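What you see is a predicted model; the values in this text were computed from it and never measured. Whatever order the structure lists ligands and atoms in, that order sets their numbers, starting from 1.
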Amino acid sequence: MEEFDAIAKDSGRMAALHRVGTLAKPALSPEGATSIDLGCGTGLFAKVVGAKSLVGVDFSEVLLASARERMETVLQHDIFDLPFAACSIENIVSLFVIDDYSSEKKARFFATVFSLLKPGGNFFFAAYSPRDERMGAWHGAFNRQRQESIEIYLEDVSSYRRRFQQCGLLLEQLEIIKADGVFQLGIHTLKLRREFIVMVGQKE
Ligand SMILES: C[S@@+](CC[C@H](N)C(=O)[O-])C[C@H]1O[C@@H](n2cnc3c(N)ncnc32)[C@H](O)[C@@H]1O
C-alpha cells in the first residue's frame, strides 16, 4: 500500500482525489445510501473522503488487500461484469480507471454506470486529460524505460461530455484540475505538468 500511495502523492493525482472528495462528500454521507468505487485500488479515495461505507470494487487482489483497511466492504470484480442490479446504487465513483480502455469499452462502462444508478443517483468521475504530460506526451518514454506496453486511450473534455450525454447522465459539474507531479524515469527526476478532468453527473 505504501508504494502505491506514495506514487499517487508524488504524482499530483491527490489534487483530483481531494476535489472529488469535496464534491462527493454531501452525497456519500446519508445513512443507508449505497455508494461504490469502481476501480478503487488501495482505497485512497475512501480515505480522502472518510467514507468507510463506500463499497470498493477492483480486479486486483493485491490492491484490495490494502483497500480492506479503508473500506468495510470490498469486492474482487471486473468492472465490466458487475454483480449489482439495475437502478440499485445511489452513488458511483470511478477515478482514473477508464483511461486504460478503448472507446468501445468506455461506451460500455458509461452505459453500465447509467443502468446501475437509481434515478437521482450521482456519478463522480475523473480521467487524465490528453494534456496531462505523464499519461500523454511522456507515456511512451515510461513504457520504453520500463519495457512495458501499457496502452492508454485519453479523451478530452468534449468527448467525455458527449459520453455523459449519450448515456443519459445530466452533467452537473466539470472541472480541469492542474497540479505538478514528480516522477523517476531511470536516473532522471522529472517534474511534469498534470491535468485531470473531473466530472459529476446525475441520473434524472
Ligand atoms: C490508476 S488506478 C486508480 C485507483 C483509484 N481509483 C485511485 O484513484 O487511487 C486504476 C485502478 O483500476 C483498476 N482496474 C482497471 N481495470 C479494471 C477492471 N476491468 N475491473 C476492475 N478494476 C480495474 C486497477 O486494478 C487499479 O486499481
Side-chain angles (χ1 to χ4, degrees), residues 1-25 28 35-52 54-71 73-84 89 91-113 116 122-130 132-136 138-139 142-143 146 148-155 160 175 177 179 181 183 192 194-200:
M1 165 155 54
E2 283 79 16
E3 196 192 338
F4 186 95
D5 291 359
I7 292 170
K9 278 173 192 139
D10 290 347
S11 76
R13 217 162 53 79
M14 294 307 290
L17 265 64
H18 280 286
R19 182 60 189 142
V20 178
T22 303
L23 294 169
K25 202 163 185 149
L28 299 181
S35 304
I36 60 177
D37 183 351
L38 299 178
C40 65
T42 59
L44 257 183
F45 179 71
K47 184 179 176 211
V48 162
V49 81
K52 281 201 106 175
L54 199 55
V55 175
V57 179
D58 205 288
F59 61 11
S60 162
E61 184 45 46
V62 176
L63 298 180
L64 284 181
S66 305
R68 270 188 198 97
E69 293 172 26
R70 293 168 169 168
M71 287 182 265
T73 312
V74 301
L75 304 172
Q76 187 181 15
H77 246 281
D78 191 323
I79 57 166
F80 296 102
D81 178 26
L82 290 166
F84 306 108
I89 314 272
N91 298 295
I92 298 180
V93 176
S94 192
L95 312 176
F96 306 110
V97 179
I98 206 62
D99 312 82
D100 294 354
Y101 293 98
S102 65
S103 175
E104 211 177 20
K105 283 213 145 180
K106 280 186 174 70
R108 203 168 128 198
F109 174 75
F110 277 89
T112 301
V113 165
L116 294 181
N122 306 295
F123 180 41
F124 300 96
F125 173 74
Y128 302 107
S129 151
D132 180 71
E133 289 188 327
R134 168 63 184 87
M135 295 303 174
W138 283 83
H139 183 66
F142 279 90
N143 261 348
R146 295 173 181 174
E148 292 173 341
S149 54
I150 299 170
E151 308 235 18
I152 192 147
Y153 306 90
L154 303 182
E155 293 192 0
Y160 281 119
E175 293 181 20
I177 309 288
F183 297 89
L192 299 181
R194 307 302 315 267
E195 193 170 301
F196 312 112
I197 299 169
V198 165
M199 295 171 77
V200 181

Counting both backbone and side chain atoms, is some N or O of [X] under 3.5 Å from an N or O of ligand 1?
X: Phe59; value: yes
X: Arg13; value: yes
X: Asp37; value: no

Count the heavy atoms belonging to other residues, nucleotides or ligands that lie under 6.0 Å from CD of Glu104, then report whether that count exceeds 12.
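Count not over threshold, so no.
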
Do Phe96 and Tyr128 have ring centres separated by under 6.0 Å?
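Here the rings of Tyr128 and Phe96 have centres that are less than 6.0 Å from each other.
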
Of the listed options (Ile98, Val97, Leu17, Val48), which comes nearest to atom 12 (O) of ligand 1 when hydrogens are ignored and any heavy atom counts?
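Among Ile98, Val97, Leu17, Val48, the closest heavy atom to atom 12 (O) of ligand 1 comes from Val97.
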
Taking atom 6 (N) of ligand 1 as the point of reference, which of Gly41, Gly39, Ser11 owns the nearest heavy atom?
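Selected option, by shortest heavy-atom distance: Gly39.
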
Nearest-neighbour protein heavy atom for [atom], which is reported as residue plus atom name and distance:
atom: atom 3 (C) of ligand 1; result: Leu95 O, 3.6 Å
atom: atom 27 (O) of ligand 1; result: Asp58 OD2, 2.7 Å
atom: atom 10 (C) of ligand 1; result: Phe96 O, 3.4 Å
atom: atom 16 (N) of ligand 1; result: Tyr101 OH, 2.6 Å

Any heavy atom of Phe80 sitting closer than 4.0 Å to ligand 1?
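So Phe80 counts as touching ligand 1.
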
Which ligand 1 atoms are under 4.0 Å away from a heavy-atom of Cys40?
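Per the distance check, 5 (C).
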
Should the ring pair Phe110 and Tyr160 be called parallel, tilted or perpendicular, given that the plane angle runs from 0 to 90° and is split at 30 and 60?
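Tilted: the ring planes of Phe110 and Tyr160 meet at 30° to 60°.
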
Between Glu151 and Tyr153, a side-chain donor and acceptor under 3.5 Å
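A donor-acceptor contact under 3.5 Å links the two side chains.
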
Against the six-membered ring of Phe196, is Arg13 placed for a cation-pi contact (under 6.0 Å from the centre, within 45° of the normal)?
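No, cation not above the ring by the 6.0 Å, 45° rule.
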
Between Arg19 and Glu175, is there a salt bridge with N-O shorter than 4.0 Å?
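Salt bridge flag = yes for Arg19 with Glu175.
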
